[in-house]
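Note sheet for the following structure.
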2 protein chains.
Amino acid sequence: MYQLLRYICGMNNSQLYKGSLSLIILKLLEENKRMYGYEITQKVKEQTNGELVINEGALYPALHKLEAEGLLTVTIEQVGNRPRKYYALTEKGEAETTNRLEELTDFVKHMQLLLNPKLSLG
Amino acid sequence: MYQLLRYICGMNNSQLYKGSLSLIILKLLEENKRMYGYEITQKVKEQTNGELVINEGALYPALHKLEAEGLLTVTIEQVGNRPRKYYALTEKGEAETTNRLEELTDFVKHMQLLLNPKLSLG
DNA sequence: AATAATACCTCAGGTTTTGATGTATCAATT
DNA sequence: AATTGATACATCAAAACCTGAGGTATTATT
């Protein structure tokens with residue numbers, strides 16, 4: 001049966017993650033200079049102790065969109081016989097990363113104001 | 001031109017708020033026992049110092065959906081000649097509110113792990 | 001030889017939101 | 001008396017994003 005159960009279904013099941021993927025990508029690239037898609041999925045899994053799993057069906061379109069928006073550049077490299085697409089931030093992408101991080105801070109701030117029993121994640 | 005510019009366009013412009021509306025509704029109802037739609041929009045504006053504006057085109061469908069899911073009950077009351085639909089949490093809705101709050105905590109935790117320069121909103 | 005991991009991809013269908021628009025009542029102003 | 005603004009509900013097409021499924025192919029492990 002080839003590879004039917006390739007992923008054990010990442011299940012974040014919460015709608016809250018919608019809209020956060022591009023920020024995650026941008027921020028990881030800010031820290032790591034250049035990364036390829038699969039590497040991003042592994043990094044996210046690693047840094048969240050396996051709790052957050054990026055769906056590849058969301059990741060690749062998101063990368064393509066960020067590239068189309070001029071926030072990322074891509075460089076294809078052959079590793080063995082396999083192609084890798086390394087992504088890196090453009091200048092515009094760096095600026096946008098800063099903006100998006102501010103947006104996240106605002107989001108958390110607003111959530112705290114609304115759900116006041118505090119989120120307390122210092 | 002009647003009331004063309006009725007709202008100065010709430011503009012939260014960030015995609016991050018996607019998926020958070022139902023939690024906001026649930027939580028406000030947990031705190032306030034019963035509220036009607038328009039009251040919710042005002043409360044959110046008030047508690048976030050006008051920074052977060054709920055789009056009515058999102059709010060009403062969200063309320064209807066929560067009701068359809070059995071998380072809210074509705075009671076119509078006439079105020080003067082105008083109808084108000086008061087919403088309140090069901091038992092199931094209370095439980096769900098707890099779950100959704102946990103999901104938000106997890107979301108913030110994961111974002112903190114990924115964007116480690118910390119969110120620090122104690 | 002088969003499986004698992006690496007590495008890219010697409011696409012139908014789902015959910016949620018945006019932005020525009022519609023209707024109507026009531027209070028305040030002109 | 002008439003208009004505006006606030007209150008209060010609603011719908012809907014299009015946009016945005018994601019899920020879950022599927023596809024292809026290489027390399028490493030069992």
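What you see is a predicted model; the values in this text were computed from it and never measured. Order of the sequence lines fixes the chain letters, A, B, ..., with proteins taken first and strands second; residue numbering starts at 1 for each chain.
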Find which nucleotide of DNA chain C each of B/N81 and A/K85 is nearest to by heavy atoms, and output the residue with the more 5' nucleotide.
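Nearest-nucleotide comparison on DNA chain C picks A/K85.
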Measure centre to centre between the rings of B/F107 and A/Y17, then say whether the value is under 6.0 Å.
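Yes, close enough.
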Side chain proximity check, B/T90 to B/E69, heavy atoms < 4.5 angstrom:
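Of all side-chain heavy-atom pairs linking B/E69 with B/T90, none is under 4.5 Å.
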Please determine if a side-chain N or O atom of B/Y38 lies less than 4.0 Å away from the OP1 or OP2 oxygen of D/dA6.
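Result: no.
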Please check the phosphate of C/dC8 (OP1 and OP2 only) for any side-chain N or O of A/H64 closer than 4.0 Å.
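Looking at the OP1 and OP2 atoms of C/dC8, neither is under 4.0 Å from any side-chain N or O of A/H64.
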Salt bridge present between B/E96 and B/R100 (N-O < 4.0 angstrom):
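Here B/E96 pairs with B/R100 in a salt bridge, since their nearest N and O are under 4.0 Å apart.
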Looking at five pairs on each end of the helix from C/dA1-D/dT30 to C/dT30-D/dA1, what is the angle between the two axes, given to 10 degrees?
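Roughly 10° between the end axes, to the nearest 10°.
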Which nucleotide, D/dT19, C/dC9, C/dT18, lies nearest any side-chain atom of A/Y60?
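My answer, after comparing the listed nucleotides, is C/dC9.
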Should the heavy atoms of other residues, nucleotides or ligands under 6.0 Å from CD of B/Q78 be counted, would the total exceed 12?
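Buried by this count: over 12 neighbours within 6.0 Å.
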Looking at every strand, decide which applies to B/G80 at a 4.0 Å heavy-atom threshold: base, sugar-phosphate, or nothing.
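Sugar-phosphate, no base atom in range.
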Identify each atom pair where a protein N or O and an N or O of nucleotides 15-17 of chain D are less than 3.5 Å apart, giving names and distance.
unit_1 : atom_1 : unit_2 : atom_2 : d
D/dA16 : O3'    : B/Q15  : NE2    : 2.9
D/dC17 : OP1    : B/Q15  : NE2    : 3.4
D/dC17 : OP2    : A/K65  : NZ     : 2.8
D/dC17 : O3'    : A/G19  : N      : 3.4

Partners of B/Y38 by ring pair (Phe, Tyr, Trp, His ring centres under 6.0 Å), sequence neighbours excluded?
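Checked B/Y38 against ring pair (Phe, Tyr, Trp, His ring centres under 6.0 Å); zero matches.
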Can you find a donor-acceptor N/O pair under 3.5 angstrom joining the side chain of A/R82 to the base of D/dT27?
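Flag unset: no donor-acceptor pair detected.
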